[in-house]
Amino acid sequence: RHSPATTRAMRAVTHLGGVWAVPAFALAAAGYLAYVRGSRRPAALLTVSLVGSTTINSVLKIMYRRERPTFFAHIVQEKSYSFPSGHAMASAALAACAGVLAWKTPLRWPVIAGSAAYVPAIGVTRMYLGVHFPSDILAGWCVSVAWVGEVATIMWLMDRLDSTRAGTHFLDARRES
């Protein structure tokens, strides 16, 4: 049922939502935004959203203590609880941040298209590899998108307060692209 080629592909794709790829991409993007573009607030959105998503994931795993599926063959071994999926949360948080940051730029639709492929691909790999129920994936997506929405809203409100004083807006840096 699981061909070696498909399994290799699923393992490769699942790493794109994991503990090394998501933080590495986020760190590179935050560094670029903060130091090259001089935009600290978008970098803060990315950082707070991803660190917060990871923290929320850890707390929820401890709260729910849901065991991993036992009726699937585990192709990879995981040590933590199943609910919610950390890979689903990380990929959704990264994609949601990218969407917020690209919203008023010409990159909006390419980012949405990329996210529409990236996020479900990570979810599918986690189920294929036998380490998550579909509800683990869906919950991870929902929690992350809600969290990023909260962070973006708070930052927008903070920016509205600051912009009355300085005449700037944290999303304005995105329009330079």
Side-chain angles (χ1 to χ4, degrees), residues 16-66 80-123 126 132 135-177:
L16 297 176
V19 297
W20 297 107
V22 171
F25 182 80
L27 184 61
Y32 171 79
L33 289 167
Y35 297 108
V36 175
R37 302 269 312 265
S39 305
R40 288 198 175 111
R41 285 202 175 157
L45 170 72
L46 195 57
T47 303
V48 171
S49 293
L50 288 164
V51 170
S53 177
T54 301
T55 303
I56 292 167
N57 180 264
S58 297
V59 169
L60 290 174
K61 283 183 182 284
I62 291 167
M63 283 177 53
Y64 286 98
R65 298 178 185 263
R66 184 182 203 178
S80 65
Y81 291 110
S82 180
F83 184 90
S85 167
H87 283 71
M89 284 187 72
S91 63
L94 184 62
C97 285
V100 168
L101 294 173
W103 194 254
K104 292 188 177 183
T105 74
L107 296 175
R108 174 198 298 188
W109 294 113
V111 166
I112 289 172
S115 296
Y118 168 65
V119 173
I122 299 300
R126 302 309 288 164
H132 283 293
S135 57
D136 301 338
I137 306 300
L138 292 172
W141 291 341
C142 291
V143 171
S144 273
V145 169
W147 171 248
V148 173
E150 282 289 319
V151 173
T153 300
I154 290 167
M155 292 189 76
W156 178 80
L157 290 170
M158 290 171 50
D159 188 59
R160 300 299 290 177
L161 292 172
D162 288 349
S163 67
T164 59
R165 289 180 229 140
T168 61
H169 190 276
F170 95 93
L171 299 178
D172 287 341
R174 299 180 311 179
R175 294 185 188 117
E176 297 169 11
S177 299

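Just so it is clear, the values below take in all heavy atoms, side chains as well, and ignore hydrogens, waters and symmetry mates. For this chain, numbers begin at 1 and follow the sequence in order.
A distance of 15.0 Å separates CD1 of Ile122 from CE of Met89, quoted to the nearest 0.5 Å. Between the CZ atom in Arg126 and the OG atom in Ser85 there is a gap of 5.5 Å [rounded to 0.5 Å].
Inter-residue side-chain proximity for Leu101 and Leu33 is flagged as met; some heavy-atom pair is nearer than 4.5 Å.
Legend: residues meeting side-chain hydrogen bond (donor to acceptor under 3.5 Å, both in side chains) with Ser80, ordered by chain and number and at least two apart, are Arg68. Looking at residues two or more places apart in sequence or on another chain, you find a ring pair (Phe, Tyr, Trp, His ring centres under 6.0 Å) between Tyr64 and Phe83. The side-chain hydrogen bond (donor to acceptor under 3.5 Å, both in side chains) search around Ser135 returns Arg66, not counting sequence neighbours.
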In a table with atom names and distances, give each donor-acceptor pair under 3.5 Å that connects a side chain of residues 42-53 to protein atoms at least two apart or in another chain.
{"from": "Thr47", "atom 1": "OG1", "to": "Ala43", "atom 2": "O", "distance (Å)": "2.9"}
{"from": "Ser49", "atom 1": "OG", "to": "Leu45", "atom 2": "O", "distance (Å)": "2.8"}
{"from": "Ser53", "atom 1": "OG", "to": "Ser144", "atom 2": "OG", "distance (Å)": "2.9"}

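Nearest approach of Val145 to Ala92, heavy atoms of both residues: CG2-CB, 4.5 Å. What you find for Leu60 and Pro84 is that their closest heavy atoms are CB-CD, 3.5 Å. Residues Ala102 and Val111 come closest through the heavy atom pair CB-CG2, 3.7 Å. Leu107 approaches Pro110 most closely through the heavy-atom pair O-CD, 3.2 Å.
Residue pairs that meet the ring-ring contact (aromatic ring centres under 6.0 Å, His included) test with at least one member in residues 34-53, sequence neighbours left out, do not exist here. Legend: side chain to side chain donor-acceptor pair (under 3.5 Å) pairs involving residues 106-121, not counting sequence neighbours: none detected.
In this structure a side-chain-to-backbone donor-acceptor pair under 3.5 Å is missing from His87 to Gly123.
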